[in-house]
There are 2 protein chains.
Amino acid sequence: MTTMSAGSPGGAPRARPTMRQVAALAGVGTKTVSRVINGEPNVSSAMIAKVKQAADSLDYQPDLHAGNLRRADGRTKTLGLLVGSVANPFYGTLHRAVEEAASARGIAVFASSLDDDPDREQGLVSAFLQRRVDGLILTTVTKSQAYLAPELRRGTPLVFIDREPAGIEADAVVSDNAAGSALATRHLLEHGHRRIAYLGDLDSIQTARERRRGFLEELGRAGVATRDIPVVVDLHDEVAANRAVLALLDSTDPPTALFTSQNLVTIGAITALRARALQNRVALVGFDDISLADLLTPGITVIAQNPQRIGELAAERLLARLDGDRTPTHSYVVPTELIARGSGEIGPHA
Amino acid sequence: MTTMSAGSPGGAPRARPTMRQVAALAGVGTKTVSRVINGEPNVSSAMIAKVKQAADSLDYQPDLHAGNLRRADGRTKTLGLLVGSVANPFYGTLHRAVEEAASARGIAVFASSLDDDPDREQGLVSAFLQRRVDGLILTTVTKSQAYLAPELRRGTPLVFIDREPAGIEADAVVSDNAAGSALATRHLLEHGHRRIAYLGDLDSIQTARERRRGFLEELGRAGVATRDIPVVVDLHDEVAANRAVLALLDSTDPPTALFTSQNLVTIGAITALRARALQNRVALVGFDDISLADLLTPGITVIAQNPQRIGELAAERLLARLDGDRTPTHSYVVPTELIARGSGEIGPHA
DNA sequence: AATATCACTGACATCGTTGTCAGGGAGTTT
DNA sequence: AAACTCCCTGACAACGATGTCAGTGATATT
């Protein structure tokens with residue numbers, strides 16, 4: 001008869017071995033096992049071999065959290081990453097860059113999506129803190145992040161990404177939203193456009209406001225009266241953007257160029273232009289790169305952000321803080337880049 | 001004078017409060033604090049108020065891992081997700097679905113990328129196990145996952161995604177690769193094609209082999225001799241695919257249709273077709289959906305997988321196992337879907 | 001009035017590991 | 001030969017929490 005159990009197929013579920021069991025099997029004290037597992041010096045090679053064999057035969061995996069409880073530095077070798085959505089390729093790329101830097105130091109990454117929900121943000125932060133992450137890289141949607149001040153004082157490094165923190169002083173890594181928008185605007189101006197429509201995301205989003213500001217300021221610098229410039233905001237998805245662009249195109253004095261301040265808005269604009277067969281007549285520059293934008297006809301000119309660089313930099317700052325860097329907090333600005341592909345180089349048509 | 005310190009800006013870094021400190025401040029025993037924090041019954045409301053106030057004033061966050069050490073069920077409310085790359089939108093969507101199901105139960109998700117590296121796979125699994133994840137959802141690249149057998153016997157639920165496990169019996173959630181390929185092939189056959197080229201990913205990848213098998217079997221069923229059918233494999237990136245397609249198009253007897261078995265291969269094929277101005281003459285069906293595929297001309301017909309469904313199902317199975325489900329392991333097959341957008345409906349041109 | 005019941009509270013051991021410290025034995029020095 | 005190193009090793013307390021259990025009063029029961 002074999003042992004019966006309610007366990008998984010393949011046999012009785014053996015309990016997870018502890019260090020004590022490894023020690024018993026090897027006939028040594030637990031502290032010696034601890035030394036071998038952690039590669040501490042001053043253990044005889046005979047001892048090392050004996051312990052390793054015992055550990056292997058039991059398939060022993062040390063419990064990092066139990067160790068941490070006692071360990072001096074209290075590091076969990078874990079960090080939390082809070083982004084808009086892990087399904088968003090922008091954050092996916094950023095996440096990858098963070099993971100790369102973290103895993104090089106044996107740090108595992110918790111990733112969560114906050115989905116524009118302030119309550120969710122607080123809940124997720126709390127969940128991370130209860131798991132004692134060594135640091136936090138986060139995008140935020142709450143009005144103020146003052147609730148994080150005690151944690152920051154405790155020495156948990158915080159690096160804000162995409163949006164700067166409010167109500168608290170901490171490192172941040174952001175794209176140059178205003179400058180990128182200005183660049184797009186100047187590009188369209190240089191191609192002769194004077195009637196450029198702005199299509200923006202929810203005005204409650206800080207980066208969206210920055211992009212709008214960059215657009216309007218650049219028009220101002222060029223001496224273009226902003227009074228009659230169509231500025232549509234609070235477009236958060238493709239459908240809304242499509243509708244807004246159609247309305248503009250069908251108006252009595254349609255714009256000769258469009259500047260769309262975000263991914264989905266750009267796509268909505270593309271479909272609207274096509275619906276009116278104007279994709280080769282009305283210029284378009286979008287903020288955020290779009291995959292396969294160069295395979296479309298015309299190719300879509302964009303202001304590309306650099307999510308990889310943002311992730312790298314955020315991770316680099318976080319790790320530096322963990323290593324004891326006490327320099328004043330700073331906002332790092334990652335430059336954006338204009339990629340001309342055709343749609344932004346269309347001239348104004350009468 | 002304010003207190004000086006080497007800490008973060010804003011004051012001395014106060015130590016993280018423990019339950020004992022909350023208890024001391026509230027003038028009660030630690031166990032009572034524990035009861036209040038965990039919402040256990042039989043605590044007077046006066047006591048609850050006193051403890052809560054003390055906890056709030058110290059900004060107390062319980063240490064989940066310390067609690068776990070003693071807690072009966074030993075659950076960390078944490079799970080590990082191992083995918084090809086978190087930067088890949090396919091896995092991003094899948095990750096999101098897993099996160100959704102997990103967070104509904106207060107479970108946090110570790111996500112890591114294995115990048116086709118078997119050593120990395122083992123290292124990451126080990127890192128997860130040392131952090132005592134409650135379960136693992138994973139794509140694998142090792143030849144055999146027998147090394148996970150002890151863990152499985154210990155009762156840690158494992159759900160394999162994208163590829164079925166080898167050398168071990170566990171739940172799996174996969175796309176119907178062969179059936180999807182057959183569907184694509186039948187579609188092209190029905191549009192009159194007989195000379196269809198197959199362009200596949202690395203043959204070392206199980207799913208790639210499955211897709212090739214589906215293609216060839218469907219041709220067999222249709223009575224098409226597969227001897228002269230061009231089958232090119234081991235194309236892992238856009239550049240290689242582009243080159244392979246150009247070679248086919250320039251050959252003496254070029255195919256009238258292409259079936260590309262993966263994302264990047266499809267894109268390489270598109271650029272190749274365009275380079276020869278054949279995008280409206282040679283049919284194309286790709287495995288994996290491509291973003292904006294409907295905005296291209298022609299639109300790209302694809303066999304779309306359903307990463308969201310895969311993630312949902314994997315999470316659902318994992319949670320069910322955690323809840324004590326002891327039914328035999330099973331491979332769940334998530335259907336693929338043909339999305340006709342134009343490129344696959346081009347007829348054979350002499 | 002004595003006893004049983006119940007809600008409430010805290011002392012204590014314990015979870016799996018590591019820091020501290022003391023002790024044993026081999027080799028070196030005087 | 002005594003004293004001193006130095007290398008190895010393990011007993012023990014402690015990390016921050018929870019499970020167990022016993023004890024206190026107040027209320028209900030006989």
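- The base of dT18(C) sits with one of its N or O atoms less than 3.5 Å from a complementary donor or acceptor on the side chain of Arg70(A).
- Regarding Arg131(B), its CZ atom lies at a distance of 15 Å from the P atom of dT17(C), rounded to whole Å.
- Gln61(B) places its CD atom 15 Å from the C1' atom of dA17(D), with the value rounded to the nearest Å.
- Taking a cutoff of 4.0 Å between a charged side-chain nitrogen and a carboxylate oxygen, Asp323(B) and Arg105(B) qualify as a salt bridge.
- A donor N or O paired with an acceptor N or O is not found under 3.5 Å between the base of dG16(D) and the side-chain atoms of Arg132(A).
- Positionally, the nearest nucleotide of DNA chain C for Gly27(B) lies more toward the 5' end than for the other of Gly67(A) and Gly27(B).
- Spacing between atom CD1 of Ile37(B) and atom P of dT9(C) amounts to 15 Å, rounded to whole angstrom units.
- Look at CG on Leu69(B): it is 13 Å from C1' on dA13(C), rounded to the nearest Å.
- For Pro41(A) and Pro62(B), each mapped to the nucleotide of DNA chain D holding its nearest heavy atom, the one lying further toward the 5' end belongs to Pro41(A).
- dA11(D) atom P lies 15 Å from atom CE of Met19(A), rounded to whole Å.
- Bending across the helix from dA1(C)-dT30(D) to dT30(C)-dA1(D), expressed as the angle between its end axes from five pairs apiece, amounts to 50° (10° rounding).
- Set against dG10(D), dA17(D), dG16(C), the side chain of Ala66(A) has dG16(C) as its closest nucleotide.
- A distance-only check finds a donor-acceptor pair linking the side chain of Arg163(A) to the backbone of Thr140(A) [under 3.5 Å].
- A close approach under 4.0 Å does not occur between any side-chain nitrogen or oxygen of Asn42(A) and OP1 or OP2 of dC7(D).
- Arg131(B) and Thr78(B) share no side-chain donor-acceptor pair at under 3.5 Å.
- Remark: P of dA11(C) and CZ of Arg20(B) are 12 Å apart, rounded to the nearest angstrom.
- At a cut-off of 3.5 angstrom, counting only N and O atoms as typed in the model, there is no donor on one side facing an acceptor on the other between the side-chain of Arg16(A) and the base of dG16(C).
- An OP1 or OP2 oxygen of dT9(C) is reached within less than 4.0 angstrom by a side-chain nitrogen or oxygen of Ser44(B).
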Given side-chain contact (heavy atoms from CB on, under 4.5 Å), test Gln145(A) with Glu121(A) step by step and report yes or no. CA-CA 10 Å; Gln145(A) 289 80 49; Glu121(A) 174 189 322; 4.1 Å; yes
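- Between the side chains of Asp115(B) and Ser113(B), no donor-acceptor pair of N or O atoms lies under 3.5 Å.
- Following rounding to the nearest Å, Leu129(A) (CG) and dA17(D) (P) show an atom-to-atom distance of 14 Å.
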Intermediate values then yes/no, side-chain contact (heavy atoms from CB on, under 4.5 Å), Thr327(B) and Arg317(B): CA-CA 11 Å; Thr327(B) 54; Arg317(B) 288 320 303 155; 3.9 Å; yes
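- Atom NZ of Lys31(A) is separated from atom C1' of dT20(C) by 9 Å (rounded to the nearest Å).
- One N or O on the side chain of Asn68(A) and one on the backbone of Arg75(A) form a donor-acceptor pair closer than 3.5 Å.
- Within the 4.0 Å cut-off from OP1 or OP2 of dA17(D), not a single side-chain nitrogen or oxygen of Ser34(B) is found.
- At the phosphate of dG16(D), neither OP1 nor OP2 sits under 4.0 Å from any side-chain N or O atom of Tyr60(B).
- At the phosphate of dT18(C), OP1 or OP2 sits under 4.0 Å from a side-chain N or O atom of Asn38(A).
- Closest to the side chain of Thr32(A), from the set dT9(D), dC15(D), dG19(D), is dT9(D).
- Val133(B) and Thr76(B) make their closest contact through CA-OG1, 3.8 Å (heavy atoms, listed as atom of the first residue, atom of the second, distance).
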